[in-house]
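Chain identifiers are assigned alphabetically (A, B, ...) following the order of the sequence lines, protein sequences preceding nucleic acid strands; residue numbering begins at 1 within each chain. No hydrogens, no waters, no symmetry mates; every other heavy atom, side chains included, goes into these values.
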There are 2 protein chains.
Amino acid sequence: MNADQERLEQALRSRDLRVTRTRRAIFAEILASSDSHLDVRQVHGRLMRKGRNVSLATIYRTLHLLVRSGLLSREDLGESHGHYEPKKRAAGHGHLICSSCGRVFEFADEGIRKALAEVGAAEDFRLEKYSLQIFGSCRRCRK
Amino acid sequence: MNADQERLEQALRSRDLRVTRTRRAIFAEILASSDSHLDVRQVHGRLMRKGRNVSLATIYRTLHLLVRSGLLSREDLGESHGHYEPKKRAAGHGHLICSSCGRVFEFADEGIRKALAEVGAAEDFRLEKYSLQIFGSCRRCRK
DNA sequence: ATGGGTGCAAAGCATTTGCAGTACA
DNA sequence: TGTACTGCAAATGCTTTGCACCCAT
């Protein structure tokens with residue numbers, strides 16, 4: 001049993017929720033592709049290909065649950081559906097999205113964090129989290 | 001005929017598109033509520049209340065058109081549907097969104113702009129535009 | 001008049017929900 | 001064993017599309 005699965009068990013048990021095979025599988029799938037920002041259909045496809053018959057409804061329910069429990073975060077990458085990734089410690093981080101090839105690069109820059117805090121302060125706004133998407137073209141696509 | 005309507009005519013004519021009553025009305029509605037970030041249903045509601053029988057389909061089509069023409073921009077404010085506002089000169093600006101009352105405050109901070117450009121440069125990414133949402137609680141709601 | 005614009009209804013996606021059956025504590 | 005969990009299918013919400021009619025040019 002690895003550390004991530006233990007975090008999952010702990011999070012679920014502490015909320016009197018059950019630790020099921022399906023929940024383990026869904027959580028593991030997101031972690032295994034932590035740099036790909038999977039969407040619901042991708043998670044479903046990967047599980048089905050492994051012979052796990054999991055319904056879309058359960059995936060939606062489980063992902064919501066894991067987001068509420070603080071294990072995952074849902075990201076908006078400029079498409080009509082959401083993407084999921086393991087939750088970072090910081091209260092937010094940004095995504096560089098290539099408009100051409102669609103690849104996503106993450107970043108968490110301290111300068112931005114500070115600039116955001118200042119903007120919030122100027123408006124007397126208590127910052128909880130932020131969501132930042134930068135669209136552009138990556139080096140590979142510019143050639 | 002005011003300056004905004006002239007901009008609309010110019011934008012449409014230059015693309016060999018027709019200047020219709022319906023398009024004028026939709027554009028005017030967004031401008032009239034430029035600080036409210038209207039969504040499609042709100043635009044529809046306001047027009048209907050004024051006795052203009054405009055279909056949702058046409059509103060969707062027209063808003064897309066105006067975004068493509070550079071007159072409006074579509075913003076994602078963390079809901080499952082989009083919001084529209086007059087397009088600003090700058091290639092992007094952010095929104096402070098109160099998680100409690102839902103009010104939206106805009107800002108365009110030079111410090112953030114610079115920090116973003118630096119992040120892009122570090123990854124050799126050519127920045128086209130950005131979208132930034134800061135969630136938190138406004139002063140009024142914290143009391 | 002003629003081709004683009006519009007309303008209406010149906011279709012398309014992403015997501016949620018009701019319900020009956022299944023499996024974890 | 002009892003109840004939360006799950007699959008299935010139907011429902012929902014937002015948005016797009018097909019088609020016949022309408023109106024700017």
To the side chain of [X], which of [options] is closest?
X	options	result
B:Ser55	C:dG7, C:dT16, D:dT6	C:dG7
B:His81	C:dG7, D:dT6, D:dT15	D:dT15
A:Thr62	D:dT6, D:dT15, C:dT6	D:dT6
B:Val54	C:dA14, C:dG7, D:dC14	C:dG7

Residue closer to the 5' end of DNA chain C, B:Leu65 versus A:Ser80 (nearest nucleotide): B:Leu65
Whether over 12 other heavy atoms sit under 6.0 Å from A:Arg21 CZ: no
B:Arg142, CZ atom: more than 12 neighbouring heavy atoms under 6.0 Å: yes
Under 4.0 angstrom, heavy atoms only, what part of the nucleic acid is [X] near: base, sugar-phosphate, or nothing?
X	answer
B:His64	sugar-phosphate
B:Asn53	sugar-phosphate
A:Arg52	nothing

Donor-acceptor pair, side chain of A:Arg23 and main chain of A:Arg18, under 3.5 angstrom: yes
Sidechain-backbone polar pair: B:Ser99 side chain, B:Gly136 backbone, donor-acceptor under 3.5 Å: yes
Partner of A:His37 by side-chain hydrogen bond (donor to acceptor under 3.5 Å, both in side chains), out of A:Glu85, A:Gln42, A:Glu75, A:His83: A:Glu85
Nearest-0.5 Å distance, CZ of residue A:Arg46 to CG of residue A:Leu38: 4.5 Å
Bending between helix ends of the helix from C:dA1-D:dT25 to C:dA25-D:dT1 [5 pairs per end, 10° resolution]: 30°
A:Ile59 with A:Leu12, same ILVMFWY side-chain cluster at under 4.5 Å: yes
Summary of protein contacts for nucleotides 19-25 of chain C, nucleotide by nucleotide, where a base hit scores B, a sugar-phosphate-only hit scores S (4.0 Å, heavy atoms): ----BBS
